[in-house]
Each structure stands twice: as structure tokens, then as C-alpha cells.
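So that the names make sense, note that chain A is the first sequence line, chain B the second, and so on, each numbered from 1.
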Amino acid sequence: MNNIIKHIIFIVVIFISGAFMSFIERRALGLWQDRYGPNRVGLFGIFQFIADVIKIIFKEDWIPPFSDNKLFVFSPIISLITIILSFIILPNAINNETDLNNVGILFVIAMAGINVYSILFAGYSSCNKYALIGAIRASAQSISYEVFIGLSLMGIVSISGSLNLINIIDYQNTHFWFLITQTIGFITFLISGICVTHRHPFDQPEAEQELADGYHIEYSGMKWGMFFISEYVNIILISILIVNLFFCGYKSCSGLHLLILFITKILVFIVLFIIIRASIPRPKYYQVMSFCWKYCLPLNLINLLLTGIIILCYNT
Amino acid sequence: MFNKQVRKQEQMVLKILYKKFGKKNILYSQKTLMGIPVVWVKKNKMFDIIKYLRNGNKQYKIDMLYDLHCIDERLRNNRKNLPKADFTVVYHLLSIKDNKDLIIKVAVIEPNLVIPSIVKIWQNANWYEREVYDMFGIKFYGHPNLRRVLMPLNWKGYPLRKDYPSRATEFKVLKINRYKQYKEQNSLCLIPDEWGLSNKKNNMFLNFGPNHPSAHGAFRIIMQLCGEKIEKCMPDIGYHHRGAEKMGERQAWHSYLPYTDRIDYTGGVINNLPYILAIEKIAKIQVTERTKIIRVMMMEIFRINSHMLFLGTFLQDLGAMSTVFFTFTDRQKCYEIIESITGFRMHPAWFRIGGLAHDLPKGWYKLIKNFIKWINKRLKEYNKAMMNNYILRKRTKFIASYNTKEALEWGITGPNLRATGLNFDVRKNRPYSGYDKVEFDIPIGTNGDVFDRANIRIEEMYQSLRIIKQCINNIPEGSIKMEQHLVTPPNRNKMLKNIETLITHFLQMSWGTILEQNENFQMIEATKGLNSYYLISDGNATSYRTRIRTPSYPNLQHLSTIMQGAYIPDMIAHIASIDFVMADVDR
């Protein structure tokens, strides 16, 4: 019973921080774009997200009559659930020892793979040409990037000898941060992380200026809200993963500093996500694809090969 | 002014035409104030003559079909010596190399309202002829797709004919029932064959617009897609039509001014100028030097304002979301000046026939001085942060490029034409309103691609700043209004004591000024290309025909050929780089 309450609290915290992310993003964008952003609700507009959530909940839940109803409703649910489930493998106060921990990183990658279906279904079931193009883009892009989101982490796995996040953090704590040895892995994981979250400049499936919001063009109200929150939760997830995998997670120091430092490290990457969105133009769809296959994939393979050779030499 | 040079040119044209077609086919050479030879030709020889002028002869080479419009002559009082006509179709041809114009007029007589189409000679005649058909009901045989272009497809009547009322109160009350709604909606449904698109390949048709975030207004493109590749596309306009030309025939000379502002709504006072200059020529008014320089200064501020809007939205369409906020801050700086000088923001209608609305306010000098400093700094930033960005260059270099020949074929003007490497700027080539007194360069591009089109506009802003700098330092003293009975109302003191003056004052204020009969034309370099007004005065308080040739209209038409085989993101980049305003297209 105690455990269930803990889990519920955990999920609620994730939701709230996901919704709160929208406030952070809007204020940060406002700061960099020479304007205010939402600053009316509460101190500095801090309760803006509550107003937004209330608005989204009470908005009419409309399903377009021409759409494929079941898939249409189903797809945002997939999107949210896969991402929430990914949080299981993160070391936290609730679960230190579960069986899933041994699958670790693989589970996250698998969930990211399933997550694509939500977009594919959303685009397909909307019966809208823009949504369809968005869905096609999303699936092609995800397939390309999933090839090396795994590869970029294999260096870490082979050095630490485990898929378990706790082991990886421990290894970093006793030896060195993986940022130092796996710099290429870090950069490509960051890029594919942006890609997996469909954030600018890899927001090809949405691409407001081209596809007028792509796969969720027909969505409104809470169903749209689910896509929206899952995007932000996904950003938090990827940021936590980056910190855990390359920046020694929560173990670099002790006490209260531990928590503050951990959160600061995560915030840095969240802000990085936003600043990338604010600063660069969007490349073309096939430029993104060719960047993936021509640069990222070979680089990762070389990285993995070198890591393997070094481990082999070191061990013998 | 019908001076020697024009006469010489006219003689030359006539000589060439007489030699080839004989005297009986060339009907009349009309004398107007336009400074352009106007030649009336026979209808059945028109096609051959225009074809000959474009391709056949070596002495006089015409590059561009600048404008094609029509005049309803049936109610015109002053038609002395003109050949008999119910409608006159006007072909305005432009020779870039010689920097000369030629107007060819063809009479059409009821009930035989048919004339050969010249789409085979110039492709951009396509929309122009559709517009003439739409507005006057004149049919063009040989036209590939003669349908309404600005009005809805189901519209009844031909709006620019003189027997068509211009006020809604003269019609029956419009009621829309379900049947009518159905009919209108069905007329908007896509039938690929009507658009010249084929359905054989089983491709997807994507309806881009009329409401799309990147369509910059109510603009529709129908795309035939294979994956994301555009096999064929057809632009469609007419969702923003307000009947500006019809209003011109309704409003008095002075009171039409505010309407001109709203043609290209980013251009502000630049729109006033061609209209005002055309009238000033008819009324034989010479404005003061001070007026001229202030006009130039205000227009260049508006040019910067318009180009800033372009830059922001262009970069936003390429996915860079931040720049647009910065350029809008810059536009606010522009508006601060405009507001303090004119008392209005977007549509000041500040120029007046024969002068300006009022003199410059106190403290204007410092305001503009600060503005120049600010914009200079910002332009450098934009260049550094955006135009040199690797992703942006990759997305825009060699995308949607066309060469000078294609540009002239489609009647493209302004920065879009200069991006192809052709140096043609009316401010330099045919100086008007004091542009001959300021020094500036004309930036030209090389590739005619999306990047060049954007880059040229940034360079133009630097040049505009240069012009403004010269203006603020060299404004001559003097009056900003002409003491002329057509322009300024009589002196108030005299008016109160003298009955004759009172009558004149009353008539001018209630009916408006009456201009003597004539035809006139003025072309200027607006923010988006060549903008011109063709005014016919019939000795009345209103204009008999107001033809507004806007740059955005032909600038859009070439989409169908240039974008063939490109991808959707290229299309977005291209239409962002054209810099059009739908109000400017549909009028």
C-alpha cells in the first residue's frame, strides 16, 4: 500500500514537472526573444501552467467525425504511457532493486521505439494529409535515429559492463565520468535525444511552418495535452539520462549538495534543449536523414570499435 | 510631358510597325501625359504585332509584359480622335535594356468581346487575361484556363464594367441559404483537371492554404505530390480581393488616397506616391524641393520597415523562431518615427496631392539619427547570427533559383528580379520625386536563389539608411504645400468675406477637385517591386479608370514552373523569399 502511494506521488510529480516545463520554456524563450512571456498568474507567472492545465482539461473533447476513432484516442495514450514507463529504470527513492534494472538502458530504447507508434497512429487516424506527411516523417526519422541512439550508449555499456543505470553511475563514481571517454557517444546521444523528443531542429513531424503542426493537427483539448505533456516529460527523461550516463548522476558529491547538484545538472540540459530551439533554423527533412546516416552512424561505429580495442588492450 | 524624346521614340516604333504591318493596321498614336508612346492597333493584327515586337525585330526589343488591363470606354465623355471602342484592352510593354515603355491599345466592340490571347508570347499574360475576363467579361481565345481569378467562380456580372454598381446598397440584400452555401463550397472543391493537374499517376493532392501559417495571408497553392516531392503546383489567388480599382472610380481624387495605403499594407506611404505623382502630372503641379526630400525620407523608412517584416517572417518560415521578435522591435522603432511625424502607424496616408499633410514635428532629427544608429547595429547582428548560419545557407543556396530571362518572362520585378543579377531599379533608371538628388547603390545578386533574394533585401536596407542619412542632413527650407487651387483650399479669411471664394471652397470640399481630362501613368519602385497607377481623368471629380499594377501579382505567378520537382520545405523557403502581400496581389 505504501508503495502504491509512493508510485502515485512519483507519477504526479513527473506530470507536474512536465507541465511546469511549459512555463519554464515560455519564460526562457521570452527572455531570449526580447519579450516577457507569461508573467501574470502568480509570482513571475509561476502558476501559468496550472491555468493552462485547467483550460486544457475543461476544453471540449472533440473527435473529428472523419477520423479513425479508436486509434485517434489511443495514440496519445501510447505516447504518454511509454514515456512514463521509461522512468521505471531510473534509480530513485522508490525502486533501488527491480528486475527491470538489469535491462536498464535497453528498456528506454525499446520504449522510445514504441513511442513512434503513437505518432504514426495519430497521423494515420487523423485522416488529414498534413498529419499523414508528419507521421511518415516521424517514423522515417525515428528509425534512422534509433539505429545509433543504442550504438552511442554501447561504449558506456562495454566499459562499465552493465546495462543497469546504478552500476553505470557507480562505475563513473569510482573511475571517471563517461563524458571524458565517450565524448562522441555523448554528442550523438544528445542529438538523437533531441530527435527522439521531436524537438526543434528535429521537429520535422510537426514543422509548424511546413505542415502546420503535422501529426497532431487534428488534436485538441486533453488528447493534445497528452502529446504536449509527453513531449516535456520526454525532455526531462532524456536530460536525466544524459546526466546519469555521462555526468555521474547523483553520486558526484554527498548530502544536500547531492540533490542540488543533480537537479542543476538536469536543468542545464533542459535549458540546452530550449536554447537550441530558440537559436537555429530548421534543416530540411532529408538533410536531417543524411546527417544521421552519413555522419552520426559511422562516427558511432568507429567510437564503438575504438572503445572495444582499448578495453581489449587494457584487459590483456 | 510629351517631349521630344518620347516623340522620337514614338516615331521609331511607328516606323518599325509601318514597315512590317502597313499603315492600315496601325490605327492611331495617342498623345497623353504619360511619356510613353501609345499605339492603337487593329484587333486581328494585335497578336502578330506583339509577337513581332518581342521576337521579330532587332531595333526595338521588348523584354517584359509589364501590365495588361482593360478600360470600359462606353461612358467616357472625352474621346476626341480616339478610335471607336466599347472596351480597350491595354498592353503595357517594357524594354529593360533601352529603359523604355510602349503601350499598345486594342479596341473591342460589343457584342463581339473576343480577343486573341498572348499567353503563348508571354506566360505571365495568363493571370492578367483571366483578370480582364473576370472584371470586364472579355474572352481571350487560345487561353489555356480562362476562369475567374479574383472573384469567386460563381460570381455573376463583371465588376469593373461601368454598368456594375459599386456600392452594396445598390444590390438586393444578400441572403445565404443552405443551397447557396453548398454551391459555393462545392465550387471550391478541387477538380484536378480544371487546374491542369493530372490524376493518372495516383498522386496525392495537397491543398496548401488559403489558411496556412506560411502562406502569408489568404493564398492557396494546390500541390500534386509524390511523397514530399512537388510534381506540379498551381497557385490560386482572389481570397483577399476588395475591389480597390472599383473604389478608385467612386472616390474623389483626394479621398481615394487612404485606400492606396492599404494596397501593399507593409509599404505605407510608398503606395501613395505613384497615385499622387500621376495626379500631379495631370494637374501640372510642381512640388517644392522640401516636399520631395521629406517624401523620399519617409518612403525609405517604410522600405526598411517592410524589409524588416520580410526578414523576420522569412527566417521564421525557415524555422528560426527568434528573429521575428527582434525585427518587430526594429519595426516598432520605425513606427515611433512614423507615428511622431505622421500621427499614424501603418496607413498614414500622409502624402497629399501637391505636398504633405503637415510639416515635420519638433525633435524629428534626433529620432531618426538614433534610429539609423540602432538599425545599423541590428543589421550586423542579423547577418552574423542568421545569414551566415550554416543550416540556413544549406537550406537557401541554389534553392528555387531562376535566371534573368525567366524572371522577365514572368514579369518579376523588384528585389526578386535584381537577385538574378539584372540591375534595374526605377529609383535609379527613371528617377522620380527627388531620387536623382540622393546617392545610393543598387545591390544585385548572382544566382537568383532564395538566399540572394533575402540578402539583397538586407543590402537594400543599408542603402535606405544611406539615403535617409543624406535626406536628414539636406532638407531644404520652404513650404510643404503648393498654393494651387486644385490642391489647397482658398484662404480662409478671403473665403469668409468673398462669396466667389466661398463657392469655390464649398465645391472643393463637397464634390472634390475636378481635374482636366487626360491619361496618366506613374511607375515607382515600391518595396516589393514595380508599383504603378494608370489614371484616366475624364474631366470629373473622380477618376474614370484607376488601374493599379502591383508587384506581388506577377511575382507569384511563376510558382508553377519554378517549384516543379522541389520539396515541400523548398516551397516554404521560396514563398517566404518572394515577399508578397496578399492585399497587394488581390487589391
Side-chain angles (χ1 to χ4, degrees), chain A residues 25-26 28-37 123-124 127-141 191 194 198-214 217 273-291 294-295, chain B residues 190 203-209 211-216 222-225 227-229 312-330 332 378 381 385-397 399 450 454 566-576:
Chain A
E25 169 156 45
R26 288 166 70 188
L29 283 179
L31 185 74
W32 294 316
Q33 290 172 349
D34 222 3
R35 61 194 173 93
Y36 286 117
Y124 172 74
C127 289
N128 182 312
K129 287 169 185 170
Y130 287 104
L132 185 68
I133 296 175
I136 293 167
R137 280 183 177 193
S139 36
Q141 180 181 306
I191 291 170
I194 299 171
H198 302 299
R199 289 284 298 182
H200 193 91
F202 298 114
D203 60 346
Q204 305 295 339
E206 292 169 43
E208 195 207 336
Q209 284 80 20
E210 290 151 30
L211 303 181
D213 265 0
I217 191 168
F273 270 87
I274 301 170
I275 211 165
I276 286 175
R277 181 177 177 208
S279 53
I280 54 176
R282 181 189 301 117
K284 259 184 283 185
Y285 169 60
Y286 62 80
Q287 285 169 345
V288 170
M289 301 283 281
S290 69
F291 175 69
K294 281 186 190 159
Y295 299 99
Chain B
L190 175 70
N203 287 341
M204 178 164 92
F205 291 102
L206 186 70
N207 198 11
F208 180 96
N211 280 317
H212 187 281
S214 303
H216 294 248
I222 290 152
M223 294 194 258
Q224 183 178 358
L225 293 177
E228 282 204 28
K229 198 173 156 200
T313 51
F314 167 71
L315 292 170
Q316 199 190 26
D317 281 354
L318 293 172
M321 71 176 299
S322 294
T323 335
V324 70
F325 295 101
F326 289 95
T327 59
F328 267 69
T329 312
D330 300 342
Q332 179 55 32
R378 288 295 267 251
E381 246 174 73
M386 277 295 139
M387 298 313 284
N388 293 333
N389 184 305
Y390 179 76
I391 297 176
L392 186 117
R393 285 189 172 234
K394 273 270 166 195
R395 268 203 70 171
T396 53
K397 280 255 175 192
I399 296 298
V450 173
Y567 291 84
I568 294 178
D570 298 338
M571 168 73 109
I572 305 294
H574 180 45
I575 60 177

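Heavy atoms of Met204(B) lying under 4.5 Å from chain A belong exclusively to its side chain. Proximity to chain A is limited to the side chain of Glu228(B), based on heavy atoms less than 4.5 angstrom apart. Of the atoms belonging to Leu29(A), it is side-chain heavy atoms, and not backbone ones, that fall under 4.5 Å from chain B. Contacts between Asp317(B) and chain A at a heavy-atom distance below 4.5 Å involve backbone atoms as well as side-chain atoms. Within the 4.5 angstrom heavy-atom criterion, atoms from both the backbone and the side chain of Arg277(A) approach chain B. For Met386(B), the part lying under 4.5 angstrom from a heavy atom of chain A is the side chain only. Heavy atoms of Leu392(B) lying under 4.5 Å from chain A belong to its backbone as well as its side chain. Of the atoms belonging to Pro213(B), it is side-chain heavy atoms, and not backbone ones, that fall under 4.5 Å from chain A.
Residue Leu318(B) comes nearest to Pro281(A) through the heavy atom pair O-CB, 3.5 Å, listed as atom of the first residue, atom of the second, then distance. Shortest non-hydrogen contact noted between Pro569(B) and Arg137(A) is CG-NH2, 3.8 Å. Of all the heavy atoms in Gln287(A) and Lys394(B), the pair that sits closest is NE2-O, 3.4 Å. Of all heavy-atom pairs spanning Ser322(B) and Ala278(A), the tightest one is OG-O, 2.5 Å. Heavy atoms only, all atoms of each residue included: Leu206(B) and Lys129(A) are closest at CD1-CB, 3.5 Å.
Phe326(B) CZ to Asp34(A) CG: the interatomic distance, rounded to the nearest 0.5 Å, is 5.0 Å. Atom OH of residue Tyr130(A) and atom CZ of residue Phe208(B) lie 6.0 Å apart, to the nearest 0.5 angstrom.
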message: Please evaluate residues Lys284(A) and Ile399(B) with respect to the criterion side-chain contact (heavy atoms from CB on, under 4.5 Å), reporting the C-alpha separation (whole Å), side-chain torsions for both, the decisive distance (0.1 Å), and the verdict.
response: CA-CA 12 Å; Lys284(A) 259 184 283 185; Ile399(B) 296 298; 3.3 Å; yes
- request: Might you work through the side-chain contact (heavy atoms from CB on, under 4.5 Å) test for Gln33(A) and Val324(B), ending with a clear yes or no?
  value: CA-CA 9 Å; Gln33(A) 290 172 349; Val324(B) 70; over 6 Å; no
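For Tyr567(B) and Tyr286(A), the ring centers are positioned less than 6.0 Å apart.
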